[in-house]
Amino acid sequence: MIMEPYRIKVVEPLVFPTREERRRALREAGHNLFALRSDQITIDLLTDSGTSAMSAEQWASLMRGDETYAGARSFDRFRAVVAELTSYPHVIPAHQGRAAESVLFSALLEPGQITLSNTHFDTTRANVELAGCEARDLPCAEAADLASDYPFKGNIHLEHLREVLGGPDGPRVAAVIMTITNNASGGQPVSMRNLRGVKDLCNRYRVPFFLDAARFAENAWLVTQREAGYSQVPPHDVAAEAFSLADGAIASLKKDGIANIGGLLALRDDDLAARCRNVLITQEGFPTYGGLAGRDLEALAQGLVEVTEPRYLEARASATAHLAALAADAGIPTVRPTGCHAVYLDAGAFLPHIPAYRYPAHSLGCALYLEAGVRSVELGSLTFGRPDPAGGPDLPAPRELLRLALPRRVYTRSHLDFVGEALRAVARDAARLPGYRIVDAPAVLRHFSARLEPVALDSGRKEAIVA
Ligand code: F0G
């Protein structure tokens with residue numbers, strides 16, 4: 001029997017807006033879930049980032065926070081935990097993942113260079129592009145089939161990697177970045193075998209190899225469950241092996257640090273680390289706090305120890321699998337196989353009457369909020385679609401997904417059952433769900449602040465604005 005390996009000491013009441021209040025809230029938010037306030041949301045599955053529940057030990061460690069500007073004890077504790085886990089001698093804190101990316105890329109990249117990845121997360125891509133470089137994704141072929149049960153769809157395509165490194169663009173490749181788990185492609189894990197393949201190619205072509213390790217413990221857990229030879233290896237040791245293969249890591253610690261804020265840059269190379277520290281001082285702060293309070297470093301050090309506990313990871317994976325099974329019961333296809341941090345609903349397959357340029361995943365997200373106050377996040381053509389330069393409908397994203405992300409240690413099985421009931425209710429009326437039209441949006445990162453309105457779609461795709 002798998003159950004949560006903790007009991008609850010502090011509770012936070014949920015809020016239950018009425019159906020009419022939800023309808024009004026969504027209208028006032030311009031039908032954009034990012035514009036909702038937390039007091040309008042019953043269950044918030046927008047993200048697993050910075051939303052987790054800290055343990056009693058983490059709360060206790062806050063009081064041990066040493067707020068000394070330089071050389072704080074809390075930094076020593078943080079450094080010791082990270083160095084033990086990663087084997088990297090240089091441990092540089094940052095206030096969150098994207099700050100660590102920005103510091104690394106400012107010190108590492110020259111304009112015109114290329115970074116290669118299984119899939120760059122959006123902020124990673126944006127930081128590469130800000131440095132005047134190209135971020136190129138080389139996902140494995142199996143990643144394209146959302147419904148298959150291939151165990152490591154997060155892998156990089158090793159043959160494509162070899163072709164680029166050995167081809168005409170090879171000399172411009174400044175780094176290979178492996179995102180574990182691969183958030184942008186359904187939270188899928190990367191196998192150790194694939195990481196070893198990347199290491200070998202990076203050694204051969206003398207290219208530095210970094211991990212984007214936001215969910216390193218979840219990746220390690222999935223390796224113990226899916227990769228031959230690892231079923232008896234503790235997740236901590238699997239994670240340590242993954243780090244040992246790379247030359248360094250960037251990480252958002254708002255995920256597997258199980259704390260509300262924090263980021264990390266950890267490196268082997270002395271010279272690169274010195275350059276990063278110089279950038280850090282101008283952007284984040286002195287290298288022993290990097291934009292964080294001493295108490296944050298304490299909570300992170302403790303969270304990084306707790307996150308590799310097998311019972312915790314087993315319960316987390318089992319909760320996510322439970323939610324995926326509830327979606328399947330409701331008849332809603334999900335990205336297979338289910339990972340740890342989220343269930344990704346395949347709205348493109350589920351709502352075939354809504355074309356990509358009318359945002360099927362956004363429609364499903366709005367319906368789930370209207371039904372039960374459950375917030376999710378669109379990862380489809382609203383977020384990743386591009387305006388057509390010729391003025392036609394948007395160029396669609398490759399997939400239309402709605403992510404239900406699970407904060408760590410926050411929601412119980414009955415909360416997930418509540419979400420399951422909401423999914424069933426939404427599914428009953430799926431054929432009648434409207435599309436959406438953008439009324440007003442900024443030129444970049446439109447999904448955060450766009451205002452939209454529903455558009456009814458009849459079978460002939462003749463459209464009418466829904467009041
Ligand atoms: N890398 C990955 C794989 C991420 O998932 C994220 C954040 C980041 C980097 C950036 O880290 O937010 O601390 O600056 N992902 C969040 C999410 C926002 O909802 O998936 P950050």
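Numbering of ligands and ligand atoms starts at 1, following listing order. Atoms considered below: every heavy atom in the structure, side chains included; atoms not considered: hydrogens, waters and symmetry mates. The first residue in the sequence is number 1, and the count goes up from there.
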What I want to find out is whether E84 reaches R79 closely enough, with some N-O distance under 4.0 Å, to be called a salt bridge.
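Salt bridge: no.
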For residues 293-301, which side-chain donor-acceptor pairs fall under 3.5 Å, sequence neighbours excluded?
from	atom 1	to	atom 2	distance (Å)
D296	OD2	A293	N	2.9
E298	OE1	R77	NH1	3.0
E298	OE2	S74	OG	2.9

What residues, two or more places apart in sequence or in another chain, satisfy salt bridge (Lys or Arg N to Asp or Glu O under 4.0 Å) together with R22?
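Here no residue qualifies.
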Partner set under salt bridge (Lys or Arg N to Asp or Glu O under 4.0 Å) for R386, not counting sequence neighbours:
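So R386 forms no salt bridge (Lys or Arg N to Asp or Glu O under 4.0 Å) with any residue.
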Would you check ligand 1 and list the protein residues that come within less than 4.0 Å of it by any heavy atom, ordered by chain and number?
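Those residues closer than 4.0 Å to ligand 1 by some heavy atom are T47, S49, Q96, G97, R98, E101, F121, T123, T179, N183, D212, R215, S252, K254, K255, R403.
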When rounded to the nearest 0.5 angstrom, what distance separates CZ in R172 from CG in L116?
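If I round to the nearest 0.5 Å, the distance is 10.5 Å.
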Walk me through it: do F216 and F243 pass the test ring-ring contact (aromatic ring centres under 6.0 Å, His included)?
CA-CA 9 Å; F216 69 93; F243 284 115; 5.6 Å; yes
